[in-house]
K.L.:
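One structure, pasted below without further comment.
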Amino acid sequence: MTTTDKYNPQDIEPKWQQRWEADRLYRAVVDWSKPKHYALTMLPYPSGDLHIGHWFAMTPSDARARYKRMRGFNVLFPMGFDAFGLPAENAAIQRNIHPKKWTYANIENMRRQLRSMGAMFDWEREAVSCDPSYYKWTEWFFKQFFENDLAYRGEALVNWSPTLQTVLANEQVIDGKDERTGQPVIQKMMTQWFFRYTRYAEEMLDFSRIDWPEPIKTMQTNWIGKSEGARVVFHVAAPLPEGEGTGVRAGDPIEVFTTRPDTLWGATFMVLAPEHPLVEKITTPEQRAAVEAYVEQAARATEIERTAEDREKTGVFTGAYAINPVNDERIPIWTADYVMISYGSGAIMAVPAHDERDFEFARKFGLKVRVVIQPEGMALDGDTMTEAWPHEGLMVNSGPFDGTPATREKGRKNPAINAVIDWLEARGIGKEAINYRLRDWLISRQRYWGAPIPVIHRQDGTMEAVPDDQLPVLLPDDVEFLPTGQSPLLFHQGFLNTVDSEGRPARRETDTMDTFMCSSWYWYRYLSPHYEAGPFDPEEAAYWLPVDTYTGGAEHATMHLLYARWFAKAMRDLGMFEETQRIMRAHGRDPELLAWGEPMLQLRNQGQVLGEERDGHFILATGTWQAAKLFADRVEVIDPKDAPASFDGVMGEIVKRTENILTVDIGGGDFRTVEVLPDAFITIPNIDGPCRIEQLRHHLDIQRMSKSKGNVVNPDEWVARHGADTVRAYLMFGFDWQKGGPWDSKGIQGVVRWINDVWDIVTGIEPPAAGDLEAERTLERRVHQTIKKVTDALENFSFNTGVAGLMALRNELKAAARAGNVGADAWREAVRSMLLLMAPFTPHIAEELWARQGHPYSVHMQGWPAYDADKAAEDLVTLVVQVNGKVRDRLQVPAGITAEEAERLALDSDGVKKLLDGGQPRRVIFVEARGGQEPKINVVV
RNA sequence: GGGGCAGUGGCCCAAUUGGCAGGAGGCAACUGACUUAAAAUCAGUAAGGUUGUGGGUUCGAAUCCCACCUGCCCCA
């Protein structure tokens, strides 16, 4: 082996990146003569630095996009930035830098980092959501929704800071307190902007047209939370005979939704959410003080606390009664915070005998419990039962329905529910109904750094949308950031004051939009980021839409990925794809693809790269003891091998450090606390002089990377050390992509060796002119087996097995080179195939070696190597012989063996004969060879 | 609290979907070469298992079902 020169990624990577860019190699242009593939990966938030998670998400997606391109697809693989959001505003407040400046500086930096990946991003299609040219269309979408009854203003519970007099985002509230001032935050009903999310709830439950991961579909289904039942109207009962002036008006309706209308006869009280508008109206004077105090206290609890099942139930009687419409019974109305205003109608009928939470509440407050479902073989008694019976049984105490079986089925499938719904509908007191857990999408934010909501409030209190020719409503730059939590737009007179369409003074809406709104349509903008006649160019859309493959994190399951689907359906129904569909039809593409209202046909999620496990420093700390705690004036980091036999102090591995308090594992599952004195003398080998306590390293478990844990892996450092190809390949090789896992800085060595080996194999081997035919045939077989393996791997997002297959091929080539029995032509052909297979994973080295082999530029414009099953086939295979499922023998047989032959050979084998002992087998099961698997035969005796 | 995912040699992971648990691959380990020595590099080599636990279905279970344990992620 003669190595002419060394592999040096720092030379070849920038060189090829510049060449590709200069040649616009990855520019994707509409070409109706070729099939298209729109590969989309989630766009990053410009936080400042690209972290290893971005590489893990994007480089495998890039490999797959490159593979599709080699398969003959015209591939679009764009990139952009989701650039509005809270961190920019926090930076503004903390560091006195304008959010715009901060964001664009970060974008600039991240663009550079993204380029170092060597990905095939088409930068000419880049979109940045905080650019006026982008958010003009975010505003335009809002306006379309506003004008078509998909956007509205309504009441919602928000986090309200009474101290700051402002609304806070969920992220700004920690433990019920404002994260900045530490002052309490309450839940308050306020007017907010919403999209009619629930309008598409039913359609969003249909996943039949899309290839998305099962867990995502399950999560979305649960998130939408469809439940079937009935809406029943109760009425407030007439006031008490004494007739106090309570404001209670007999006959006020209270609508409830129930999934169990078959238990209506067991409703012994009602509960209203504390925020329910009726609470104030119906409360009697003698209960008023208690109710008001309760409502105020409830506002301080978060929804998490309120819905916790193990929480002690609280509530107050309002003094009012309602009439149960099925039996005209007078039942008390309570208010309690376990009922949510945002679910259903914010009021429930309580059936304590058959609902766990109602039961607990009734027992606590001594309310009546009446059994209306009697399970078979059990005699439930409302007075003595110790838990609710939410299951099946026969209806009792239910007037005309006594004896009707209630099953575990939900909705109309349950005979009891079915019968009761019919009866309710016939009498006009209730209706079959479907309720969704999903709530409308609250899109307004009381923040500065977001797309403005293009609405003007007229003097008379009505609203109008900003005319199209005035879009976008621009965010003013000259704003001041104060740590008040309030949006600076509220104080910007130039922004605030405007005129309506008739020239009268008016006030601009100061709410901005949720950033999820910006990220709900970005893949349309990529199609034509400079298009001015609409959010996207229909000519581009007709070719590229819908997205074929979308990759990104599963954490977006119920938010972004559901918003994206809603948006596509709303756009479809507002006719935004009509022109696009017309063009599709003209080119013979099926316009139904857009009628589905599904933005992405295939979705795959990557897992998370976690921090690396790290040992803590092994220390010997000495000082003075006080109780069980050592106050150390000296801390030495030592090698455990050099541990002294006896010492006065604490010795062991640091497992935790909080300020100057160390927790030390002294072995045997025992721990000691060491407080390091401020002037303590600290020594660490390899670091000269006394050290600071911050330099002491503590043990890290495998967990999510974060700056505070100090386990962040910086991709730039690894790229500088080994090159982008190696980092790419390691990320694809070292993990199950869909699962993620801990970073292993030793594991990357295997990839470093692989790439260096490939370099040496391709540049340094001079094969003989002629070789041994059998050896060449074997190498060719391995090459074709690898083509199959790598192809399957890329199709199935199983990147690690793809790289593993390439490593195995490397081993074959090395062995062949050593044996020197493969001739130049066969060798060159094998190397050629290997470089093509490597191109998606390691684009730079593949390009460099491709050029050095004298092939025409570029390897990335070549077709994918063709797989030939005949060339991959083995001549002889191992027939596995089992007896009762246990392996007893292995036989070498011809590859295409039939079941009869296999059975004859198996029954004749030593392993079987011994166990069969002259008798007849009860059954013989032959499993033929399929895929790369060898045949098996199982003899049952 | 609700929802989701995962558990395979010392470690990261394969196992073509119910068919030999490794002639998947890698890390680590060991031996040798180079070196005064070590690291790195190169060449070679074995060893390592009740597939988290317990039940069930099956001719056959890492794979399917039930229960439990442990870990991770998401939402509120």
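All values reported here derive from a predicted model rather than from experimental measurement. Proteins come first, then strands; the chains are lettered A, B, ... in the order of their sequence lines, and each starts at number 1.
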K.L.:
Check every strand shown and say whether Asp757(A) touches a base, only sugar-phosphate, or nothing at a heavy-atom separation below 4.0 Å.
P.N.:
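Sugar-phosphate contact only - Asp757(A) comes under 4.0 Å of backbone atoms but never of a base.
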K.L.:
Between A15(B), A6(B), C59(B), spot the one nearest the side chain of Thr801(A), thanks.
P.N.:
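Nucleotide nearest to Thr801(A)'s side chain: A15(B).
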K.L.:
Which heavy-atom pair separates Thr726(A) from Ile755(A) by the least distance, and what is that distance?
P.N.:
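Of all heavy-atom pairs spanning Thr726(A) and Ile755(A), the closest is OG1-CD1, 3.7 Å.
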K.L.:
Quick check: on RNA chain B, is the nucleotide nearest Thr558(A) upstream (toward 5') of the one nearest Ala804(A), or the reverse? Name the residue that is more 5'.
P.N.:
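Per heavy-atom nearest nucleotide, the more 5' residue is Ala804(A).
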K.L.:
My understanding is that a pair needs two contacts under 3.5 Å, Watson-Crick or G-U wobble. By that rule, which nucleotide pairs with A62(B)?
P.N.:
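Pair assignment: A62(B) / none.
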K.L.:
Among C59(B), A76(B), G3(B), which is the nearest nucleotide to the side chain of Asn222(A)?
P.N.:
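Nucleotide nearest to Asn222(A)'s side chain: G3(B).
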K.L.:
Students often mix this up, so state it plainly: with edges at 30° and 60°, are the rings of Tyr7(A) and Trp759(A) parallel, tilted or perpendicular?
P.N.:
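Ring orientation of Tyr7(A) relative to Trp759(A): tilted.
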K.L.:
Expressed as a whole number of Å, how far does the P atom of C75(B) sit from that of A61(B)?
P.N.:
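Nearest-Å result for C75(B) against A61(B) at atom P: 40 Å.
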K.L.:
Using the P atom in both, what is the distance from G1(B) to A15(B), to the nearest Å?
P.N.:
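Per the computed distance, 36 Å lies between those P atoms.
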K.L.:
Let me know the distance between NZ of Lys789(A) and P of A14(B), rounded to the nearest Å.
P.N.:
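So the NZ-P distance, Lys789(A) to A14(B), works out to 11 Å.
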K.L.:
Pick base, sugar-phosphate or nothing for Trp754(A), based on heavy-atom distances below 4.0 Å to the nucleic acid.
P.N.:
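Result for Trp754(A) = nothing.
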K.L.:
Please tell me which of the listed nucleotides, A14(B), G19(B), G4(B), lies nearest to the side chain of Pro215(A)?
P.N.:
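Between A14(B), G19(B), G4(B), the one nearest the side chain of Pro215(A) would be G4(B).
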K.L.:
To the side chain of Met559(A), which of G19(B), C13(B), A76(B) is closest?
P.N.:
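The closest nucleotide is A76(B).
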K.L.:
Applying salt bridge (charged side-chain N to carboxylate O under 4.0 Å, His left out), can you list everything that pairs with Arg781(A), at least two apart in sequence or on another chain?
P.N.:
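Result, salt bridge (charged side-chain N to carboxylate O under 4.0 Å, His left out) vs Arg781(A): Glu874(A), Asp875(A).
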K.L.:
Could you state the atom-to-atom distance from CG of Asp736(A) to C1' of C72(B) in whole Å?
P.N.:
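Between C1' of C72(B) and CG of Asp736(A): 14 Å.
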K.L.:
Would you mind calling U16(B) syn or anti? Take O4'-C1'-N9-C4 for purines or O4'-C1'-N1-C2 for pyrimidines, and syn is within 90° of 0.
P.N.:
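In terms of base orientation relative to the sugar, U16(B) is anti.
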K.L.:
If I take atom CG in residue Leu438(A) and atom C1' in nucleotide G2(B), what distance separates them, rounded to the nearest angstrom?
P.N.:
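Roughly 15 Å, once rounded to whole Å.
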K.L.:
Checking contacts here: which listed nucleotide (A24(B), A43(B), C59(B)) is nearest the side-chain heavy atoms of Arg818(A)?
P.N.:
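The answer is A43(B), which lies nearest to the side chain.
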K.L.:
Nearest to the side chain of Lys814(A) - C13(B), A76(B), A43(B)?
P.N.:
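Out of C13(B), A76(B), A43(B), the nucleotide with an atom closest to Lys814(A)'s side chain is A43(B).
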K.L.:
So, using side-chain hydrogen bond (donor to acceptor under 3.5 Å, both in side chains) as the criterion, who are the partners of Glu155(A) when residues are at least two apart?
P.N.:
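With neighbours one apart ignored, the set is Thr191(A).
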K.L.:
If U31(B) has a Watson-Crick or G-U wobble mate with both distances under 3.5 Å, name it; if not, just say none.
P.N.:
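Partner of U31(B): A43(B).
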K.L.:
Say you pick atom P in G4(B) and the same atom in A21(B); how far apart are they, in whole Å?
P.N.:
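The same atom, P, in both gives a distance of 33 Å.
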K.L.:
With rounding to whole Å, what would you report as the distance between G3(B) and C20(B) at their P atoms?
P.N.:
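After rounding to an integer number of Å, I get 36 Å for this pair.
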K.L.:
Toward the 5' end of RNA chain B, which comes first, His556(A) or Tyr730(A), by nearest nucleotide?
P.N.:
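This one resolves to Tyr730(A).
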K.L.:
Using atom C1' of each nucleotide, how far apart are C27(B) and A67(B) to the nearest Å?
P.N.:
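Each nucleotide's C1' atom is 37 Å from the other's.
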K.L.:
Any strand counts, and the cut-off is 3.5 Å on both contacts for Watson-Crick or G-U wobble. Which nucleotide pairs with G48(B)?
P.N.:
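Answer to the pairing question: none, since G48(B) forms no Watson-Crick or G-U pair.
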K.L.:
Give a yes/no answer on whether the side chain of Asn800(A) brings an N or O atom under 4.0 Å of OP1 or OP2 in A14(B).
P.N.:
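Asn800(A) to A14(B) OP1/OP2: side-chain N or O found under 4.0 Å.
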K.L.:
With a 3.5 angstrom cut-off on both distances, give the Watson-Crick or G-U wobble partner of G71(B), or none if there isn't one.
P.N.:
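By the stated definition (distances under 3.5 Å), C5(B) pairs with G71(B).
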K.L.:
Please state how far atom CG in Leu610(A) lies from atom P in A6(B), giving the value in whole angstrom units.
P.N.:
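It is 16 Å, rounded to the nearest whole Å.
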K.L.:
What's the CG-P distance between Asn938(A) and G60(B), to the nearest Å?
P.N.:
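Rounding to the nearest Å, CG of Asn938(A) and P of G60(B) are 8 Å apart.
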K.L.:
When you measure from the centre of the six-membered ring of Trp223(A), is the NZ or CZ of Arg437(A) under 6.0 Å away and within 45° of the axis?
P.N.:
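Satisfied, under 6.0 Å and within 45°.
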K.L.:
What's the gap between A40(B) and G48(B) when it is taken at their P atoms, as a whole Å value?
P.N.:
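About 26 Å, rounded to a whole number of Å.
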K.L.:
Which whole number of Å gives the distance between the P atom of A62(B) and that of G54(B)?
P.N.:
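Those two atoms are separated by 13 Å.
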K.L.:
Quick one: salt bridge (charged side-chain N to carboxylate O under 4.0 Å, His left out) pairs with a partner in residues 212-228 of chain A, sequence neighbours left out?
P.N.:
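Every salt bridge (charged side-chain N to carboxylate O under 4.0 Å, His left out) pair that includes a residue of residues 212-228 of chain A, provided the two are not neighbours, is Glu202(A)-Lys226(A), Glu214(A)-Lys217(A).
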K.L.:
Provide the Watson-Crick or G-U wobble partner of U57(B), both distances under 3.5 Å; none if there is no partner.
P.N.:
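Partner of U57(B): none.
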K.L.:
Measure from the side-chain heavy atoms of Pro742(A) and tell me the nearest of C75(B), C12(B), G19(B).
P.N.:
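Nearest to the side chain of Pro742(A) among the choices is C12(B).
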K.L.:
Between Gln606(A) (CD) and C73(B) (C1'), how many Å, whole number?
P.N.:
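The distance from CD of Gln606(A) to C1' of C73(B) comes to 12 Å, rounded to the nearest Å.
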K.L.:
Please report, rounded to the nearest Å, how far the C1' atom of A24(B) is from the CD atom of Gln785(A).
P.N.:
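Interatomic distance, CD of Gln785(A) to C1' of A24(B): 12 Å.
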K.L.:
Describe, in one word, how the ring planes of His560(A) and Phe516(A) are oriented to each other, choosing from parallel (under 30°), tilted (30 to 60°) and perpendicular (over 60°).
P.N.:
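Parallel.
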K.L.:
Between G25(B) and G19(B), how many Å separate the two C1' atoms, rounded to a whole number?
P.N.:
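My reading of the C1' atoms in G25(B) and G19(B) gives 23 Å.
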K.L.:
What is the nucleic acid contact for Gln608(A), judged by heavy atoms within less than 4.0 Å: base, sugar-phosphate only, or nothing?
P.N.:
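Sugar-phosphate: the residue Gln608(A), judged by heavy atoms under 4.0 Å, touches backbone atoms but no base.
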K.L.:
How many Å lie between CZ on Phe926(A) and C1' on C59(B), as a whole number?
P.N.:
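Atom-to-atom, Phe926(A) to C59(B), this comes out as 16 Å.
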K.L.:
Please collect all ring pair (Phe, Tyr, Trp, His ring centres under 6.0 Å) contacts where either partner lies in residues 785-818 of chain A, sequence neighbours excluded, each pair once.
P.N.:
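Residue pairs passing ring pair (Phe, Tyr, Trp, His ring centres under 6.0 Å), neighbours aside: Trp737(A)-Phe797(A), Trp737(A)-Phe799(A).
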K.L.:
Sort and list the pairs that fulfil salt bridge (charged side-chain N to carboxylate O under 4.0 Å, His left out) and have at least one residue in residues 730-743 of chain A, not counting sequence neighbours.
P.N.:
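Not a single pair qualifies under salt bridge (charged side-chain N to carboxylate O under 4.0 Å, His left out).
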K.L.:
Collect all protein-nucleotide pairs involving nucleotides 26-28 of chain B in which both atoms are nitrogen or oxygen and the distance is under 3.5 Å.
P.N.:
residue : atom : partner   : partner atom : Å
G26(B)  : OP1  : Arg810(A) : NH2          : 3.4
G26(B)  : OP1  : Asn811(A) : ND2          : 3.4
C27(B)  : OP1  : Arg753(A) : NH1          : 2.2

K.L.:
Has the side chain of Glu776(A) got a donor or acceptor atom that lies under 3.5 Å from a matching backbone atom of Val822(A)?
P.N.:
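Answer holds: no.
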K.L.:
When all nucleic acid strands are considered with a 4.0 Å heavy-atom cut-off, which category describes Gly553(A): base, sugar-phosphate, or nothing?
P.N.:
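Nothing, no heavy atom under 4.0 Å.
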